[in-house]
Enquirer: 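Could you have a look at this structure, given as structure tokens, before my questions?
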Amino acid sequence: MSQKLDVFAHILPPDFYHRMLALEPTLPKKYPFIQIPTLLDVTARKKHFLSDEQQVISVANINPEDYVNPQLAQELVWAANQELAEIVATNKQYFYAGIGMVAMNNLTGALEIMEKQIAPNPNLLGIQVFTRALGKSIADATYRKLFAKAEELGLLVLLHPVFDERKADNNLIFSWEYELSQAMLALVKGGIFQAYPNLKIVVHHAGAMVPFFSERINHILSATEAADFKKFYVDTALLGNTKALELAATYFGVDHLLYGTDAPFGKMPAGASSEIRKAIEEMELDESAKQAIFRDNLLTLVKRGESDGSATI
């Protein structure tokens, strides 16, 4: 099988991190994951790469809008995206592309970043957004213009969970899966795919709770809303679990399931790529379907062929 493409891996660009650390020295205490060496150190990370794999990297969830004013947030995000693109360009053996950041407290600037920085750069495929931003659901009408611009430009939108800080019982086992599912519901109820039928949203963690509760979706929502749930794309970042991946493939369709690992999270020192690959290989699918999950579905989404992915910035 040809090179595998991991659509949902993470990194913390060092220059960006150190600028954020100077602004907010408590970051390592607030986000213990920062202490994972392979998140910050590309050289350390390279030692653990599988030879037939490239990652699409997005920045771990340290978001400038939570700490600084809109103008500075825009500056930090622009610089981080440039740093990310340079990391990709100088390490093409390991990184297929990057996913850019946008400052959610500067939506005019976010649209500018999407149009002028991300869309023209062959090493950046789209933007990452989170289930909540600045106390609002990502489905809030305030953020709708980001989805409109993503559709217009043909950019991917990667949806990553964050805690709802209003809740006292947040935990990494279940809370993020609820937050993803709730965000998907809010987006569907808000008519996001009716307004933007060519929008390409990739949801982390195999679509979270959605495949398991598909009949509740089918029986409670309208036929249009239930159909719109299947327009999401999802990754395979479940730390393994073949049967759960088969359920996701059955619900969303094999063509909407993309190999993604959440590396370097999930298993020290650099993620659970081997476990997830084994789970996919054990799915009751033919080799062409597995090839689609591991590689071809992403290439179709970004309209790239076998020879692409080697451009420089």
Side-chain angles (χ1 to χ4, degrees), residues 2-64 75-101 117-118 121-128 156 158 160 204 235-237 239 258-278 294-295 298 302 304 308-313:
S2 60
Q3 197 82 350
K4 296 171 177 62
L5 302 177
D6 178 351
V7 71
F8 228 128
H10 299 295
I11 198 168
L12 197 49
D15 290 347
F16 167 71
Y17 170 62
H18 288 111
R19 289 189 70 184
M20 290 299 301
L21 186 62
L23 292 164
E24 182 52 70
T26 66
L27 284 175
K29 182 177 180 180
K30 185 175 182 180
Y31 298 110
F33 63 74
I34 290 172
Q35 299 170 37
I36 298 174
T38 51
L39 185 64
L40 275 160
D41 187 339
V42 172
T43 300
R45 190 171 182 141
K46 289 178 182 179
K47 297 175 183 177
H48 303 283
F49 262 86
L50 300 172
S51 61
D52 62 345
E53 185 164 313
Q54 291 173 289
Q55 294 175 345
V56 177
I57 45 175
S58 49
V59 178
N61 53 307
I62 296 176
N63 299 313
E75 178 191 333
L76 287 164
V77 164
W78 187 285
N81 289 342
Q82 190 64 21
E83 185 182 3
L84 184 69
E86 289 169 357
I87 289 171
V88 170
T90 56
N91 296 278
K92 293 301 291 188
Q93 179 181 348
Y94 305 97
F95 302 127
Y96 181 74
I99 299 293
M101 304 177 74
Q117 186 185 36
I118 295 176
N121 193 319
N123 289 311
L124 299 174
L125 300 180
I127 63 170
Q128 180 174 231
L156 301 186
L158 269 59
H160 192 286
H204 216 4
D235 72 5
T236 60
L239 301 175
L258 287 74
Y259 176 54
T261 69
D262 206 15
F265 303 122
K267 182 182 178 182
M268 294 293 286
S273 297
S274 295
E275 288 78 4
I276 293 169
R277 287 169 60 147
K278 182 175 183 290
F294 276 124
R295 180 179 177 87
L298 177 59
V302 300
R304 287 185 175 179
D308 290 313
S310 59
T312 59
I313 60 172

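These numbers were taken from a predicted model, which means no experiment stands behind them.
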Enquirer: Report yes or no: does Thr261 contribute a side-chain atom to a donor-acceptor pair with the main-chain N or O of Ala272 at less than 3.5 Å?
Expert: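 No: the side chain of Thr261 does not pair with the backbone of Ala272.
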Enquirer: Nearest heavy-atom pair of Ile276 and Ala237: which atoms, and what distance?
Expert: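 Taking every non-hydrogen atom into account, CD1-CA, 4.2 Å.
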Enquirer: Output yes when a side-chain donor or acceptor of Arg295 lies under 3.5 Å from a complementary backbone atom of Gln3, and no otherwise.
Expert: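 Indeed, once roles are kept as given, a pair shorter than 3.5 Å links the two residues.
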Enquirer: Looking only at non-hydrogen atoms, find the nearest pair between Pro28 and Gln35 and report the distance.
Expert: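 Pro28 and Gln35 have their closest heavy atoms at O-NE2, 3.7 Å.
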Enquirer: Measuring from Asp235:CG to Leu298:CG, what's the distance to the nearest 0.5 Å?
Expert: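 The CG atom of Leu298 is 11.5 Å from CG of Asp235, to the nearest 0.5 Å.
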Enquirer: What is the ring orientation for His10 with Phe265, classed by angle as parallel under 30°, tilted 30 to 60°, or perpendicular over 60°?
Expert: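 If you compare the ring of His10 with that of Phe265, the planes turn out tilted.
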Enquirer: Nearest 0.5 Å please: distance from the CD1 atom of Ile118 over to the CG atom of Asn123.
Expert: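 Going from CD1 on Ile118 over to CG on Asn123, the span is 12.5 Å.
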Enquirer: Drop me the distance from Phe294's CZ to Asp6's CG, to the nearest 0.5 angstrom.
Expert: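 Result: 10.5 Å between the selected atoms.
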Enquirer: Calculate, to the nearest 0.5 Å, the distance between atoms CD1 and CG belonging to Ile57 and Leu12 respectively.
Expert: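 It is 11.0 Å, given to the nearest 0.5 Å.
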Enquirer: Please find the pair of heavy atoms, one from Ala270 and one from Ala263, that lie closest to each other, and give the distance.
Expert: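 Smallest heavy-atom distance, with atoms named: O-CB, 3.5 Å.
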Enquirer: Flag the pair Ile11 / Leu40 as yes when at least one side-chain heavy-atom distance between them is below 4.5 Å, and no otherwise.
Expert: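 No - every pair of side-chain heavy atoms lies 4.5 Å or more apart.
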Enquirer: Looking only at side chains, do Asn81 and Gln117 share a donor and an acceptor under 3.5 Å apart?
Expert: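 Side chains of Asn81 and Gln117: pair found under 3.5 Å.
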Enquirer: Would you say the rings of Tyr31 and Tyr17 are close, in the sense that their centroids are separated by under 6.0 Å?
Expert: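 That pair fails the under 6.0 Å test.
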Enquirer: So, Gln55 and Arg45: side-chain donor and acceptor under 3.5 Å apart, yes or no?
Expert: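 Yes - a donor-acceptor pair under 3.5 Å links their side chains.
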Enquirer: Run the side-chain contact (heavy atoms from CB on, under 4.5 Å) test on Ile34 and Ile62 for me, step by step, so that the C-alpha distance in whole Å, both residues' side-chain angles and the decisive distance to 0.1 Å come before the verdict.
Expert: CA-CA 10 Å; Ile34 290 172; Ile62 296 176; 3.5 Å; yes
Enquirer: Provide the closest heavy-atom pair for Phe49 versus Tyr94 in the form atom of the first, atom of the second, distance.
Expert: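 Of all heavy-atom pairs spanning Phe49 and Tyr94, the closest is CE2-O, 3.3 Å.
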Enquirer: Assess whether side-chain contact (heavy atoms from CB on, under 4.5 Å) is satisfied between Leu239 and Lys267, documenting all intermediate values.
Expert: CA-CA 8 Å; Leu239 301 175; Lys267 182 182 178 182; 5.7 Å; no
Enquirer: Any chance you could lay out the side-chain contact (heavy atoms from CB on, under 4.5 Å) test for Leu125 and Ile99, step after step, and finish with the verdict?
Expert: CA-CA 6 Å; Leu125 300 180; Ile99 299 293; 3.9 Å; yes
Enquirer: From Asp15 CG over to Gln82 CD, what is the distance, rounded to the nearest 0.5 angstrom?
Expert: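 Separation between the atoms: 11.5 Å.
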Enquirer: Give the C-alpha distance, both sets of side-chain angles, the deciding distance and a yes or no for side-chain contact (heavy atoms from CB on, under 4.5 Å) between Leu23 and Leu76.
Expert: CA-CA 11 Å; Leu23 292 164; Leu76 287 164; 3.8 Å; yes
Enquirer: How about Thr236 and Leu258: do any of their side-chain heavy atoms sit closer than 4.5 Å?
Expert: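 Heavy-atom side-chain distance check fails, nothing below 4.5 Å.
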Enquirer: Considering all heavy atoms of both residues, which atom of Ile36 and which atom of Pro269 are nearest to each other, and what is their separation?
Expert: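 Shortest heavy-atom separation between Ile36 and Pro269 comes out as CG2-O, 4.0 Å.
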Enquirer: Taking Ser58 for its side chain and Ala9 for its backbone only, find out whether a donor-acceptor pair lies under 3.5 Å.
Expert: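 Between the backbone of Ala9 and the side chain of Ser58 there is a qualifying donor-acceptor contact (under 3.5 Å).
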Enquirer: Any salt bridge linking Lys30 with Glu24? Criterion: basic side-chain nitrogen under 4.0 Å from a carboxylate oxygen.
Expert: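 The answer is no: the pair does not qualify as a salt bridge.
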Enquirer: Distance to the ring centre below 6.0 angstrom and angle to the axis at most 45 degrees; does that hold for Lys4 and Tyr259?
Expert: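 Not satisfied by the 6.0 Å and 45° rule.
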Enquirer: So, taking the atom named CD in Gln54 and the one named CG in Asn91, what distance separates them when rounded to the nearest 0.5 Å?
Expert: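 Atom-to-atom, Gln54:CD and Asn91:CG are 11.0 Å apart.
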Enquirer: Do Lys46 and Asp41 sit within salt-bridge range, that is, some charged N less than 4.0 Å from a carboxylate O?
Expert: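 Looking at Lys46 and Asp41, the cut-off is not met.
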Enquirer: Applying salt bridge (charged side-chain N to carboxylate O under 4.0 Å, His left out), name anything that partners Arg19, two or more places apart in sequence or on another chain.
Expert: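 With neighbours one apart ignored, the set is Glu75.
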Enquirer: Give the ring-plane orientation class for Phe8 versus His160, where under 30° counts as parallel, over 60° as perpendicular and anything between as tilted.
Expert: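 Ring orientation of Phe8 relative to His160: tilted.
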Enquirer: A side-chain contact here means heavy atoms from C-beta on lying under 4.5 Å apart; do Asp262 and His204 qualify?
Expert: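 When only atoms from C-beta onward are counted, His204 and Asp262 do touch, with a gap below 4.5 Å.
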Enquirer: Do Met101 and Pro64 make a side-chain contact, defined as non-hydrogen atoms from C-beta onward lying under 4.5 Å apart?
Expert: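 In contact.
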